[in-house]
Asker: 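The structure that follows is given in the form of C-alpha cells.
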Amino acid sequence: MLDMLKFSRKPYKVGLVLSGGGARGFAHAGALLALEEVGIKADIIAGVSAGSVVTAMYASGMAPEEIVTAFSDVKFGDFAELGVPRDGFFSMDGFKKFLKKQIPYDKIEDLPLPAMICATDLDNNKPVAFSEGSIVDCVAASCSIPIVFKPVRIGGVTYVDGGVLANLPAWALRDSCKYLIGINCSPVPHRGKPKSIMDIAHRTYDLLVKNNSQPQMELCDLAISIDDVASYKVFNLKEIRRVFRSGYDSTLSALLDAGFTHRGPRLKS
C-alpha cells in the first residue's frame, strides 16, 4: 500500500535521462526523434555531459534535427581554448558562448520543458542535479571532463563532469517519474594501446562511466543502449549526422521491440 501511494504521488508521468558520451551524444538527438515518432513526449528530462547539452537545447524548444544542425559547422577547437594546465588543459569559454547563442533562455528554471543538468560536486564528492541557475554554467560544469577541461566553479563550489559518479542520471528523476526512459550512448570502444596523455584520459574515463552506468540503467523502466557509436571518437564532430542516425535507428528498434507503435517517420532513409 505504501509503495502504491508513493507511486501515485510522482509528479511526472514520463521522464527521460540522457548519458554522457562526447560527440557520441548526438545519438541522443536521434533518440529524441524516434521517441517523438512513437508518440512519447517526456514531461521532464535530465542529462549528463553531452546529454546535458542535448537536454538544455531540447528543453528550450529546439527540434532534434535543429540540435544536430547547430553543430554541423563547428569543431572542437571552436569550443575549447588551450591554457596553462594547472587544473585542466582546456577552458570552456568558447563552448559557453556557443550555448548562449543557441539557447534563448538564461536560467534552467525558465526552460519550457522541466530539465535537470547533472554534474559532480568535486568539493563534497557527490552527484548534483541543477534544476535552476545559469544554463551555460551548469552545462559547462556537467561537461567538464577532469584533466581535459578546467573545472567550473558555481557558487563557490567546484564542479566537474557528471559522468564521474553517474554517467546516466536516472537517480535524479527516478523518484519523481512514473515511467523512466534512459538512453546510454557511452559504450566502451575497442582500441589499441593508448598513445598519448589524451588517449589515457579518454580510456580511463570510458572505463569509469561503464562501471557507474549499469546501476543507473537498472533504475529505468526502459533502458536503451546505443552500442554502435562506440567507434566514434569523443571529440570528433565530423560524424555527428551518422551518430544521430545511429541513435535514431537503435532507439526506434528498441521502442518497437518494447511494444510501442511507429506513427510515421520524419527521418528519411
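The figures here come from the full heavy-atom set of this structure, side chains too, leaving out hydrogens, waters and symmetry mates.
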Asker: Same cluster for F130 and Y12 if Ile/Leu/Val/Met/Phe/Trp/Tyr side chains link at under 4.5 Å?
Answerer: no
Asker: So, D137 and K96, do they make that salt bridge, N to O below 4.0 Å?
Answerer: yes
Asker: Which side-chain hydrogen bond (donor to acceptor under 3.5 Å, both in side chains) pairs, counting each pair once, include a residue from residues 104-113, with sequence neighbours left out?
Answerer: K100-D106
Asker: When you look at N184 and M217, which way does the side chain to side chain contact (heavy atoms under 4.5 Å, CB included) test go after all the steps?
Answerer: CA-CA 8 Å; N184 180 22; M217 293 183 73; 3.6 Å; yes
Asker: Might you point out which heavy atoms bring D228 and S246 nearest each other, and give the distance in Å?
Answerer: OD1-CB, 3.5 Å
Asker: Which pair of non-hydrogen atoms, one from R241 and one from S72, has the smallest distance, and what is that distance?
Answerer: NH2-OG, 3.2 Å
Asker: Give the cluster check for V17 versus V128: same hydrophobic cluster or not, with ILVMFWY residues linked at side-chain heavy-atom distances below 4.5 Å.
Answerer: no
Asker: By side-chain contact (heavy atoms from CB on, under 4.5 Å), which residues pair with L222, not counting sequence neighbours?
Answerer: Y179, I181, I224, L255, A258, F260
Asker: Where do G51 and H28 come nearest, in terms of heavy atoms and distance?
Answerer: CA-CD2, 3.8 Å
Asker: Output side-chain donor-acceptor pairs under 3.5 Å for residues 111-122, partner residues at least two apart or in another chain, one line each.
Answerer:
residue	atom	partner	partner atom	Å
T120	OG1	D161	O	2.8
D121	OD1	D123	N	3.0
D121	OD1	N124	N	2.9
D121	OD1	N124	ND2	3.4
D121	OD2	N124	ND2	2.8

Asker: Can you tell me how far apart CG (L180) and CG (L173) are? Round to the nearest 0.5 Å.
Answerer: 6.0 Å
Asker: What pairs with N125 under side-chain hydrogen bond (donor to acceptor under 3.5 Å, both in side chains), at least two apart in sequence or on another chain?
Answerer: none
Asker: Mind checking the CZ-CZ spacing from F71 to F244? Nearest 0.5 Å is all I need.
Answerer: 13.5 Å
Asker: With E37, which residues qualify under side-chain hydrogen bond (donor to acceptor under 3.5 Å, both in side chains), at least two apart?
Answerer: Y248, H262
Asker: Could you give me the CA-CA distance, side-chain angles and deciding distance for C220 and L168, then say whether side chain to side chain contact (heavy atoms under 4.5 Å, CB included) is met?
Answerer: CA-CA 10 Å; C220 299; L168 185 72; 4.3 Å; yes
Asker: As an exercise, state the distance from CG of L252 to CD of E36, rounded to the nearest 0.5 Å.
Answerer: 12.5 Å
Asker: Can F149 and F95 be said to form a ring-ring contact (aromatic ring centres under 6.0 Å, His included), step by step?
Answerer: CA-CA 11 Å; F149 295 110; F95 179 59; 8.0 Å; no
Asker: Kindly compute the distance separating OH (Y58) from CD1 (I103), expressed to the nearest 0.5 Å.
Answerer: 14.5 Å
Asker: Treating R174 as the side-chain partner and W171 as the backbone partner, does any N or O pair qualify as donor plus acceptor under 3.5 Å?
Answerer: no
Asker: Treating S52 as the side-chain partner and S49 as the backbone partner, does any N or O pair qualify as donor plus acceptor under 3.5 Å?
Answerer: yes
Asker: Please check this pair: side chain of N212 against backbone of N167, looking for a donor-acceptor N/O pair closer than 3.5 Å.
Answerer: yes
Asker: Give a yes or no on whether I135 and F98 share a hydrophobic cluster (residues Ile, Leu, Val, Met, Phe, Trp, Tyr; joining criterion: side-chain heavy atoms under 4.5 Å apart).
Answerer: yes
Asker: Among residues at least two apart in sequence or on other chains, which ones pass side-chain contact (heavy atoms from CB on, under 4.5 Å) with D249?
Answerer: R245
Asker: What's the spacing between I67 CD1 and F26 CZ if we round to 0.5 Å?
Answerer: 9.0 Å
Asker: What about I183 and I44, same hydrophobic cluster or not, with Ile/Leu/Val/Met/Phe/Trp/Tyr joined at side-chain heavy-atom distances under 4.5 Å?
Answerer: no
Asker: Mind listing the closest non-hydrogen atom pair of L219 and A170 along with its distance?
Answerer: CB-CB, 3.9 Å
Asker: Take L32 and L16, measure what side chain to side chain contact (heavy atoms under 4.5 Å, CB included) needs, and give me the verdict at the end.
Answerer: CA-CA 10 Å; L32 287 167; L16 178 63; 3.4 Å; yes
Asker: Are any side-chain N or O atoms of T251 and backbone N or O atoms of G247, one a donor and one an acceptor, separated by less than 3.5 Å?
Answerer: yes
Asker: Calculate, to the nearest 0.5 Å, the distance between atoms CD and CG belonging to Q216 and L165 respectively.
Answerer: 10.0 Å
Asker: Could you pull out the closest heavy-atom pair between M57 and L99, with the gap in Å?
Answerer: CE-CD2, 4.4 Å
Asker: Please tell me if the side chains of S213 and S19 come closer than 4.5 Å, counting only heavy atoms from C-beta onward.
Answerer: no
Asker: Give the C-alpha distance, both sets of side-chain angles, the deciding distance and a yes or no for side chain to side chain contact (heavy atoms under 4.5 Å, CB included) between C138 and I154.
Answerer: CA-CA 8 Å; C138 293; I154 300 173; 4.2 Å; yes
Asker: Do you know the tightest heavy-atom contact between P64 and L33?
Answerer: CG-N, 3.7 Å
Asker: Using atom types as modelled and distance alone, determine if a side-chain donor or acceptor of S144 lies under 3.5 Å from a backbone N or O of V160.
Answerer: no
